[in-house]
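Heavy-atom basis, side chains included; hydrogens, waters and symmetry copies ignored.
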Amino acid sequence: MIKILVSIFTIFLASPSIYAEGKYPLDLSQFIEKREQCDHFRGEISGESEMDNAQDINIQLDKYCKGTDKTLSELKNKYKNNKEITNKLNSYESKIESHTTDINSDLFNKYLVDIYQGKTIPPKGYTQQNGIWFDDLGKAVNPPIINFAGSYNIGLHSCGYGCRYYTLTSLIDGKDFSNVLTDFTTNPENNTVTNYFIELFSKPDSNLLQARYYETPDSEDYQDCYFIFKDNKIEKIRNDIKCPIFK
């Protein structure tokens, strides 16, 4: 059973029919409808297994998410010469069927923090249209909710195939701390930091950050590294594991 608990957001689009109906080839339209249902239920996950099971969320994840990683990769290859379709496919996060059994829950629990309960301020440049959030570049993003360190939002942004970057914003006052996440950027065309494809995992009630490094966007082999967010900085916490960066 797929249980996607802490992966940093996929690009979330609220109404599949707006994008799929009549605009794209059948195989792509079918993928969009299934994947966006998957993304909806990913956004409903509470992280409490008993609650999620009671709400049948894990059943829905199995129904709509299973197999979409493979389909996304196949469609990218099939339509690689179609710019419009390629841009659409690049708006979806790859590897959502993550190896969540490998997520170090015990380590996350060692760095628990209280979750801010007040009014939140979205990241600068974020706008909402018809229930869909867009970043300052006009690209669809996930709703800016607290998903890290008690009061922060880690946003995932696409910049093309295999290209992605993360932003970090305090939702209490809107302050931007994205500079601390620049080492997790993946840009195959212009990347002096790393050649790895990097996926981040976080939890709303922990200031631990788990980074998963893949050799390529389609690679199955990965290496996990762990960091802590402290004093507005990201610091490595496990010196016994060699990380691809932060040497």
Side-chain angles (χ1 to χ4, degrees), residues 3-14 39-52 54-55 57 61 93 96 98 100 103-129 131-137 139-158 164-185 198-212 224-238:
K3 295 183 179 180
I4 307 171
L5 299 180
V6 292
S7 177
I8 299 293
F9 297 159
T10 185
I11 304 301
F12 182 95
L13 300 177
D39 293 345
H40 168 74
F41 288 106
R42 291 177 71 203
E44 295 294 321
I45 295 173
S46 69
E48 299 294 334
S49 58
E50 292 184 2
M51 183 182 298
D52 291 338
Q55 296 176 344
I57 291 177
L61 289 174
E93 183 183 1
I96 62 166
S98 300
T100 53
I103 301 304
N104 198 329
S105 298
D106 290 339
L107 195 56
F108 273 101
N109 291 337
K110 289 183 179 180
Y111 297 92
L112 294 178
V113 295
D114 294 329
I115 298 178
Y116 172 69
Q117 300 296 328
K119 182 179 179 180
T120 59
I121 299 176
K124 184 178 180 180
Y126 271 42
T127 58
Q128 189 178 25
Q129 301 176 29
I132 303 171
W133 283 91
F134 297 89
D135 63 16
D136 57 342
L137 298 178
K139 292 182 177 291
V141 291
N142 290 282
I145 63 172
I146 294 172
N147 61 6
F148 178 56
S151 61
Y152 294 84
N153 172 262
I154 297 180
L156 171 64
H157 305 263
S158 172
R164 56 203 275 155
Y165 65 95
Y166 295 94
T167 54
L168 179 64
T169 307
S170 167
L171 297 189
I172 294 179
D173 53 20
K175 288 184 178 179
D176 182 84
F177 298 93
S178 301
N179 62 304
V180 304
L181 299 182
T182 55
D183 284 326
F184 302 112
T185 295
I198 305 169
E199 182 179 18
L200 297 184
F201 297 85
S202 73
K203 294 185 69 175
D205 61 350
S206 177
N207 58 359
L208 178 79
L209 187 64
Q210 180 172 342
R212 178 161 293 175
D224 285 336
C225 303
Y226 300 90
F227 305 86
I228 184 109
F229 183 57
K230 184 178 180 181
D231 298 327
N232 298 328
K233 297 179 181 179
I234 294 290
E235 300 176 354
K236 181 181 174 184
I237 65 169
R238 295 190 59 172

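- Annotation: side-chain hydrogen bond (donor to acceptor under 3.5 Å, both in side chains) contacts of S151 (sequence neighbours excluded): none.
- Contacts of N109 classified as side-chain hydrogen bond (donor to acceptor under 3.5 Å, both in side chains), with partners at least two apart in sequence or in another chain: none.
- When side chains are defined from C-beta on, F229 does not count as touching L209, because their heavy atoms never get closer than 4.5 Å.
- Atom NZ of K230 and atom CD1 of I237 lie 11.5 Å apart (nearest 0.5 Å).
- Distance CZ/R164 to CG/L200: 7.5 Å, rounded to 0.5 Å.
- In this structure Y126 satisfies the ring-ring contact (aromatic ring centres under 6.0 Å, His included) test with no other residue, sequence neighbours excluded.
- Side-chain contact between V141 and H157 is present, with heavy atoms from C-beta onward closer than 4.5 Å.
- With a 4.5 Å cut-off on side-chain heavy atoms, L181 and I234 count as touching.
- Residues meeting the ring-ring contact (aromatic ring centres under 6.0 Å, His included) test with F177, sequence neighbours left out: Y152.
- No side-chain donor-acceptor contact under 3.5 Å links N153 to the backbone of T169.
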* Asked: Can you list the steps and then say if L208 with K110 is a side-chain contact (heavy atoms from CB on, under 4.5 Å)?
  -> CA-CA 8 Å; L208 178 79; K110 289 183 179 180; over 6 Å; no
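- For D231, there are no side chain to side chain contact (heavy atoms under 4.5 Å, CB included) partners at least two apart in sequence or on another chain.
- A distance-only check finds no donor-acceptor pair linking the side chain of S170 to the backbone of K175 [under 3.5 Å].
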Output side-chain donor-acceptor pairs under 3.5 Å for residues 111-122, partner residues at least two apart or in another chain, one line each.
from: Y116; atom 1: OH; to: K119; atom 2: N; distance (Å): 3.4
from: Y116; atom 1: OH; to: K119; atom 2: O; distance (Å): 2.9
from: Q117; atom 1: NE2; to: I115; atom 2: O; distance (Å): 3.1

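- When the side-chain hydrogen bond (donor to acceptor under 3.5 Å, both in side chains) test is applied to D205, no partner is found at least two apart in sequence or on another chain.
- Side-chain contact between I198 and D183 is absent, with no heavy atoms from C-beta onward closer than 4.5 Å.
- Contacts of T127 classified as side-chain hydrogen bond (donor to acceptor under 3.5 Å, both in side chains), with partners at least two apart in sequence or in another chain: none.
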